[in-house]
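We count ligands from 1, going down the list as the structure has it; atoms in each ligand are counted the same way. Note that this is a predicted model, so its numbers are computed, not measured. In this chain, numbering begins with 1 at the start of the sequence shown.
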Amino acid sequence: CYSFPTTAAKALGALYRYSKTRTRDIGKPIDFPNVDKKKAEIIISQAQKDGKPYMSADRVYELLAAYKIPVAAWWLANDVHEAANAAESIGYPVVIKAESSSIVHKSDLGGVAINLKNAAEVKSAVEKMEGIFGAKNLKFLVQKFLPGGKELIAGVSTKPGLGHLVMFGLGGIYVEVLKDVVFKIAPVTELEAKEMLSSIKATKLLDGVRGEKGVNKEKVIDIIQRVSKLVTDFPMITEMDMNPIIAINDNVYVVDARIKIC
Ligand code: ADP
Ligand code: MG
């Protein structure tokens with residue numbers, strides 16, 4: 001019972017919008033026949049045996065690759081010689097990141113060295129990290145350096161009653177300062193993934209402003225759906241954080257990822 005017609009009309013309008021949201025056709029999630037579910041299963045069960053909440057970097061990147069989520073060329077090196085060899089085969093310039101289960105925000109602690117151009121720079125970066133973190137149990141993720149791209153972020157969290165939430169936004173300051181990210185409940189369909197790209201506030205930056213090159217949206221939309229498929233297939237993944245995903249020259253690569261399992 002409404003005292004004024006305006007309130008009644010507003011309530012009717014809200015009901016109409018709600019029913020449109022509930023009944024609209026968002027399509028079906030894509031099944032992605034080319035994902036390697038068997039391999040992913042093996043990686044996850046090995047990670048569970050490790051008994052640590054966060055998966056090690058090599059398992060993380062192998063898992064992403066099994067679901068055809070593009071990652072920057074990488075190698076996990078045990079020592080300085082392996083790191084130099086890996087850098088040689090990946091091709092300079094490279095990035096080196098300190099890898100150990102106790103290191104979370106690597107760059108804050110001096111665990112990320114970018115734009116290393118030769119073996120001498122690799123050696124000094126490795127030695128510096130051994131000085132900071134101690135050589136015991138420390139490994140080095142050697143990765144292709146991808147300068148000048150746009151940084152994006154995607155991830156997954158879980159909420160009781162909702163299951164997995166897939167998140168997307170622009171990386172760097174956009175996520176830290178402006179919190180410009182959007183969420184969808186998994187499984188995410190192609191239409192929903194497209195809407196995620198268009199519903200962030202800085203969506204225009206994805207197209208490129210003032211002559212700047214835009215990002216390959218198709219590839220980003222594909223990644224979002226594959227991440228959604230991965231966590232839907234493996235509900236024991238409780239958290240994923242891919243920050244940044246670098247969009248560069250019409251390609252998109254994950255360069256930093258963390259996955260939590262239970
Ligand atoms: P963390 O988030 O643990 O501090 P990241 O791996 O995200 O470590 O690296 C920190 C920053 O370094 C990234 O946000 C990005 O700006 C830059 N960076 C990392 N890896 C690369 C890479 N392969 N190419 C270019 N820039 C990179
Ligand atoms: Mg990061």
Side-chain angles (χ1 to χ4, degrees), residues 52-65 69-77 83-84 86-118 121-122 124-126 128-130 132-134 137-157 166-181 200 202 205-206 212-213 215-216 219-220 223 227 239-260:
K52 304 220 166 84
Y54 287 99
M55 287 171 68
S56 59
D58 49 343
R59 297 208 202 285
V60 167
Y61 290 109
E62 275 167 16
L63 182 61
L64 297 180
I69 295 165
V71 301
W74 64 276
W75 185 261
L76 192 62
E88 195 67 47
S89 66
I90 288 169
Y92 289 103
V94 297
V95 177
I96 293 209
K97 303 183 186 182
E99 161 67 13
S100 122
S101 58
S102 57
I103 306 171
V104 180
H105 296 293
K106 300 175 290 293
S107 51
D108 294 351
L109 306 166
V112 176
I114 62 168
N115 198 13
L116 307 174
K117 295 186 234 36
N118 51 51
E121 289 186 9
V122 165
S124 99
V126 165
K128 205 165 157 197
M129 285 177 199
E130 283 176 340
I132 298 171
F133 301 103
N137 295 329
L138 188 64
K139 292 186 181 180
F140 307 93
L141 184 80
V142 186
Q143 197 177 55
K144 184 80 190 163
F145 179 51
L146 303 168
K150 267 207 178 64
E151 298 198 357
L152 312 174
I153 176 172
V156 174
S157 55
V166 180
M167 179 266 274
F168 167 76
L170 288 188
I173 55 159
Y174 294 95
V175 54
E176 274 162 38
V177 182
L178 305 173
K179 307 262 184 296
D180 188 11
V181 294
I200 56 169
L205 291 181
L206 297 174
E212 198 189 48
K213 223 174 142 359
V215 313
N216 186 326
K219 290 189 176 162
V220 178
I223 291 180
V227 167
E239 199 182 296
M240 268 180 89
D241 179 29
M242 298 184 290
N243 181 22
I245 301 171
I246 294 186
I248 181 172
N249 298 336
D250 226 30
N251 281 309
V252 187
Y253 305 94
V254 176
V255 307
D256 184 30
R258 274 201 312 154
I259 296 181
K260 193 174 184 182

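The shell of residues lying under 4.0 angstrom from ligand 1, judged by heavy atoms, includes P244. Between N115 and ligand 1 there is no heavy-atom distance shorter than 4.0 Å.
Between the side chain of K213 and the main chain of N249, no donor-acceptor pair closer than 3.5 Å is present. Side-chain atoms of Y92 do not come within 3.5 Å of backbone N or O of F145 as any donor-acceptor pair.
In this structure, atom 11 (C) of ligand 1 has no protein heavy-atom contact shorter than 4.0 Å.
Counting only heavy atoms of the protein, atom 18 (N) of ligand 1 lies nearest to I114 CG2, 4.2 Å. The nearest heavy-atom contact from the protein to atom 16 (O) of ligand 1 is E151 OE2, 2.5 Å. Protein heavy atom at the shortest distance from atom 2 (O) of ligand 1 is D256 OD2, 3.0 Å. Nearest protein neighbour of atom 20 (N) of ligand 1, counting heavy atoms only, is K97 NZ, 3.0 Å. Of the protein's non-hydrogen atoms, S107 OG, 2.4 Å is the one closest to atom 4 (O) of ligand 1.
Contact record, Y253 with V71: CD2-O, 3.8 Å, taken as the closest heavy-atom pair. The nearest pair of heavy atoms linking E151 to P244 is OE1-CB, 3.6 Å. Contact detail for V255 and K97: the closest heavy-atom pair is O-NZ, 2.7 Å. Contact record, P147 with I248: O-CD1, 3.1 Å, taken as the closest heavy-atom pair. The minimum heavy-atom distance linking E121 with N115 is given by the pair OE1-O, 3.5 Å.
In this structure, CZ in R258 is found 10.0 Å from CG in N243, a value given to the nearest 0.5 Å. Rounding to the nearest 0.5 Å gives a distance of 9.0 Å between CH2 of W75 and CD1 of I90.
Remark: ligand 1 atoms within the under-4.0 Å shell around heavy atoms of V104 are 3 (O). Applying the 4.0 Å criterion to heavy atoms of L146 picks out, from ligand 1, the atoms 22 (C), 24 (N), 25 (C). Near F145, meaning under 4.0 Å from one of its heavy atoms, ligand 1 places the atoms 24 (N), 25 (C), 26 (N).
Around atom 26 (N) of ligand 1, the closest heavy atom drawn from N243, V95, I246 belongs to I246.
The N, O or S atom of D256 lying closest to the Mg ion (ligand 2) is OD2.
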request  = Quick one: do K139 and D58 satisfy side chain to side chain contact (heavy atoms under 4.5 Å, CB included)? Show the steps, please.
outcome  = CA-CA 10 Å; K139 292 186 181 180; D58 49 343; 5.5 Å; no
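Taking distance alone, with nitrogen or oxygen atoms compared against 3.5 Å, K144 approaches ligand 1 more closely than that limit.
Of the heavy atoms in Q143, only side-chain atoms (C-beta onward) come closer than 4.0 Å to ligand 1.
In summary, S107 places no N/O/S atom under 2.8 Å from the Mg ion (ligand 2), failing the contact criterion.
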